[in-house]
2 protein chains.
Amino acid sequence: MRRDIFQAIADPTRRAIIGLIAIQAMTPNAIAEHFETSRQAISKHLKILTECELLKQEQKGREIYYQLELEKMKEIDQWLTQFKAMWENRFNELDNVLANLKNKTDENEPTI
Amino acid sequence: MRRDIFQAIADPTRRAIIGLIAIQAMTPNAIAEHFETSRQAISKHLKILTECELLKQEQKGREIYYQLELEKMKEIDQWLTQFKAMWENRFNELDNVLANLKNKTDENEPTI
DNA sequence: TAAATTTGCAACTGATTGGTTTCATTAATT
DNA sequence: AATTAATGAAACCAATCAGTTGCAAATTTA
């Protein structure tokens, strides 16, 4: 069983669960009500998300509240960092192009 | 065939390919040299990455250069945005906690 | 033109996935 | 104490996945 965050967020249902739980901790039953699949299927998703530490459990009597572990979400952002630097650079390049264009226009403008 | 970015980056080999290509466009053969698997397996990964528009091709004679489509990478970042707001808020809360602690300490400090 | 290179595609295979149904366990109600 | 509710785990299944080998098409080189 591969259990890393990227594999965890690959499934659309799991991404939806993450989105739900981000707002407030929820029990498996409450979560399952938001989906078409069975409670057991949701339970499996919760297991996978918990195993890769994206979720943590808090037992309250016979209910278990699942809560999002934001820290773990940061790991995805960390992987993106390297590329983020690139698209920001590209944006800066566009800035330069625009700046150059402006200068050229200014040069060609008739001096009053 | 599911073909969305999240499924695409779920595979570690594909993430490695993305990392490689980010630096400079490469041919399938050149990419395959960096991995233990066969050229055909890499070719399949390239197909998947291309189909979900994370990569684009540029034909040069009999060679095909694969290049990263940074714009598409942003979509992952966009999904993260909602959670990013949360962990930044949490950081602010920590700031408040620290500020409160400081105030309380100040209150308890002996007045000279 | 013939041979070599670069690439993609098809067919096959074993492993994994996401789902189902059934069952066991624990906690709350009656 | 008996019943109901909330949950996880096991066994099973069809679909998908990532890999393989073999082959065909196109371009370069000899």
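As a basis for the values below, the full set of heavy atoms in this structure was taken, side chains included, without hydrogen atoms, waters or symmetry mates. Throughout, protein chains are lettered first and strands after them, A, B, ... in sequence-line order, and every chain is numbered starting at 1. No experiment lies behind these values; they were computed from the predicted model shown.
- A:K47 places its NZ atom 7 Å from the P atom of D:dA10, with the value rounded to the nearest Å.
- The CD1 atom of A:I48 sits 9.5 Å away from the CD1 atom of A:I17 when rounded to the nearest 0.5 Å.
- Protein atom CD of B:Q57 is 10 Å distant from nucleotide atom C1' of C:dG8, rounded to whole Å.
- At distances below 3.5 Å, at least one donor-acceptor pair connects side-chain atoms of B:Q59 with backbone N or O atoms of B:G61.
- A donor and an acceptor atom sit less than 3.5 Å apart, one in the side chain of A:K44 and one in the base of C:dG19.
- A straight line from CD1 of A:I64 to P of C:dT25 spans 16 Å, rounded to a whole angstrom.
- Summarising the geometry, the separation between CD1 on B:I48 and P on C:dG8 is reported as 13 Å, rounded to the nearest angstrom.
- Here C:dT16 presents its C1' atom at 20 Å from CZ of A:F6, a figure rounded to the nearest Å.
- Note that CD1 of B:I5 is 9.5 Å distant from CD1 of B:I18, once rounded to the nearest 0.5 Å.
- Closest to the side chain of A:R62, from the set D:dG19, C:dA27, C:dT20, is C:dA27.
- At whole-Å resolution of the value, CG in A:D4 and P in C:dT16 are 14 Å apart.
- Separating the OH atom of A:Y66 from the C1' atom of D:dG8 is a distance of 8 Å, rounded to the nearest angstrom.
- Identified under the salt bridge (Lys or Arg N to Asp or Glu O under 4.0 Å) test for residues 73-87 of chain B, with sequence neighbours left out: A:D77-B:K84, A:K84-B:D77, B:E71-B:K74, B:K72-B:E75, B:D77-B:K84.
- Taking every side-chain heavy atom of A:R14 into account, C:dG18 is the closest of D:dA9, C:dG18, C:dT7.
- With rounding to whole Å, B:Q59 atom CD is found 9 Å from D:dA26 atom C1'.
- For the OP1/OP2 pair of C:dT17 and a distance below 4.0 Å, the side-chain nitrogens and oxygens of A:Q7 include at least one atom meeting the criterion.
- Criterion: ILVMFWY side-chain heavy atoms under 4.5 Å apart, direct or through other members. Under it, A:Y65 and A:L55 are not part of a common hydrophobic cluster.
- Put simply, A:H45 has no side-chain N or O that comes within less than 4.0 Å of OP1 or OP2 on C:dT17.
- Within the 4.5 Å cutoff, side-chain heavy atoms of B:R14 are placed close to those of B:Q7.
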Please table the atom pairs, donor to acceptor, closer than 3.5 Å between any side-chain atom in residues 34-42 of chain B and protein atoms at least two apart or in another chain.
unit_1 : atom_1 : unit_2 : atom_2 : d
B:H34  : ND1    : B:A30  : O      : 3.1
B:S38  : OG     : B:A41  : N      : 3.1

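- The stretch residues 27-43 of chain A touches DNA chain C through A:T37, A:S38, A:Q40, A:A41, each having a heavy atom under 4.0 angstrom from the strand.
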